[in-house]
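Within every chain, numbering begins at 1; the chains are lettered A, B, ... in the order of the sequence lines, protein sequences first and strands thereafter. As the structure is a computational prediction, the values presented were derived from the model and not from experiment.
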There are 2 protein chains.
Amino acid sequence: MIENPYYTDEFHGDYELIGIGQLDLEEGGSIPDCQLAVATFGVLNEAKDNAILIPTWYSGTHQIWRDVYIGPDHALNPEKYFIVCIDQIGSGLSVSPHNAAGANAGIAMSKFPHVRIGDNVVAQERLLREHFGIERLALVTGGSMGAQQTYEWAVRFPDKVLRAAPIAGTAQNTPGDFLIAEAMREAIQSSPGWNGGEYTSNEQVVDGLIRQAHIWAIVGFSTEFWKHEVWRAMEFDSKEAFLSGFLEPYFTAMDPNALLTQSWAWQRGDVARHTGGDLAAALGRITAKTFVMPIDEDQLFPVRDCVPEQELIKNSELRVVEDTLGHLGLFGVSPTYMPQIDRHLGDLLDIEV
Amino acid sequence: MIENPYYTDEFHGDYELIGIGQLDLEEGGSIPDCQLAVATFGVLNEAKDNAILIPTWYSGTHQIWRDVYIGPDHALNPEKYFIVCIDQIGSGLSVSPHNAAGANAGIAMSKFPHVRIGDNVVAQERLLREHFGIERLALVTGGSMGAQQTYEWAVRFPDKVLRAAPIAGTAQNTPGDFLIAEAMREAIQSSPGWNGGEYTSNEQVVDGLIRQAHIWAIVGFSTEFWKHEVWRAMEFDSKEAFLSGFLEPYFTAMDPNALLTQSWAWQRGDVARHTGGDLAAALGRITAKTFVMPIDEDQLFPVRDCVPEQELIKNSELRVVEDTLGHLGLFGVSPTYMPQIDRHLGDLLDIEV
């Protein structure tokens, strides 16, 4: 158990830890006491039909959704909907290698099992049903790994998902994206301080976390972002200052094993696991009204990887989000980003299903 | 002095080491005995007006040009032209950190000075003039860093360059590309065996060289290359086999300091150094008939970074090369690649200037 101040209320605001008991995993092994960090916004109505689920992305938590995406001025309006953000397993807030203790002591640090996108979705479904009594979701939406989980939800539990909005992610991860995540993993694992996952503080792995941040810099942002010095809008004086003042500290605060747990799942996101590798059959299961929302400058999940998936979903539309930032447009720092998200999600929520 | 079997005749075929004496460098310091590896093809005519210069790219040498680009069936036809490939400083064949000895003993390994694109071009011009008596070039062409040197030639010595064909490179490096090279540098420099540049064998740095290869895998090839498993055409069974059988051994044979010497120059390629930062003024100096030849799927030097430069060159055309491989299309493994190169270079050489 490593005390990491980043994964506390101070940095992440109010959230609740909700236990769903033992979670058996697709790859074998189990999490004896699966605790999920949950933040909710708004009130569940009596019919329990106003619930929206948001699964989180790599390195992200409910925090960014609360601060950027959710509010009375947004489509994700807590005055109308009951919005549930569930931090994924390995997020650092939910059960994760560095915080595994008590009943989970046997899976601490390097002993933490491999967790898949599907495991997260199974855990979330159980939590929503057992804890909140929610059987159907008005919307599932998420970015990046959150989009992977959104697709997984829509394929695995088609009757439970009325609308789906995967943002900047795919249903079946591409080999190029797998290799991008692998390069990030190697940056962390090559740090001498990583020690096979048995460091005693994330500070021992800071060099690896910084190199991982620098790989994010080149694939998470577009070349146009760097060329047009968009970071100036965030009040930095140089790209180096932006790296050292924003992207590096963002990652160095985090737990290395937590990031590795997430990226392992990210690399293997694939709804076709349900259909013996047949992606068309898997996406054909989706009954949710679906808006596929790639970001035009995204290098991790390019539009051209998202379009063929959208075309396999019966009740779907392609809604491309324009953002020079690329994949990390998900941070919502561009002033033109959230208006697009709100318009698309608003349109989707307005559709009767 | 490290004996590296990769940098020998056995791997690189016939080449000549030609000394041009002391080379004073733009960043200060000098190379006391600047030896350049040179491979020539064809015969210099009496008028000395049939010479073509090819400067080399990062990690590449004259070998790839000899094996792929040059021949009687190619535009770069040694039966017609006298083709001079000069391996760049730090290429491992020309003077480089690991082979600096004798008069260069003082600049061995970590003491090797910073060398710029401009230093290479000054050295090449001296060599061509003093050794071959060549005062004008029918063509300068090169890929990637070779394109950077091509631009530098056309701007620095406009009267000496009749035609220029920069392939997959820019005249002024972009900040995004700088950061890509920086991530590659960090992969090497973070290897414990690198030891601040004072390793005793490149094998001590093999982990860093492999991680550097993996960053090449994600930015040097396009996502479409991986998605469509184009490596199957090279007779590999999996992307992992392609990495371990092709891209990793390609780089692990090389000298880490040699790669770092090259990438330092790559990061800072900028013809606007001649004009106080005014790129339009620098490119306005070019009198060569110029074909700007980006590769459509290139992530390092995207077409959209090359077009604005081409538009600043008076006597120029944009000739986009189509190749799913992306930047590493330069290897020429795609059967449709060389026909395009030959067509464009053939057209260019056919133009009377």
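For the 3.5 Å distance criterion, the side chains of B:Tyr250 and B:Ser59 qualify, holding a donor opposite an acceptor.
Here B:Ser190 is the residue among B:Ala217, B:Ser190, B:Ala183 with the most heavy-atom pairs under 4.5 Å with chain A. Taking chain A as the reference chain and counting heavy-atom pairs below 4.5 Å, the highest number among B:Leu179, B:Ile215, B:Thr174 is found for B:Leu179. Counting heavy-atom pairs under 4.5 Å between each of B:Lys239, B:Arg304, B:Gln299, B:His214 and chain A puts B:Arg304 at the top.
Only one option out of A:Phe225, A:Phe246, A:Trp231 pairs with A:Phe331 in a ring-ring contact (aromatic ring centres under 6.0 Å, His included); it is A:Phe246.
Relative orientation of the B:Trp216 and B:Phe251 rings is parallel, given thresholds of 30° and 60° on the angle between their planes.
The structure places CG of A:Asp323 at 7.5 Å from OH of A:Tyr337, a figure rounded to the nearest 0.5 Å.
Heavy atoms closer than 4.5 Å to chain A are found nowhere in B:Glu182, neither backbone nor side chain. Proximity to chain A (any heavy atom under 4.5 Å) is shown, for B:Asp305, by both the backbone and the side chain. For B:Phe221, no part sits under 4.5 Å from any heavy atom of chain A, backbone or side chain.
Taking the side chain as every heavy atom from C-beta outward, B:Val303 and B:Asp298 never approach each other to under 4.5 Å.
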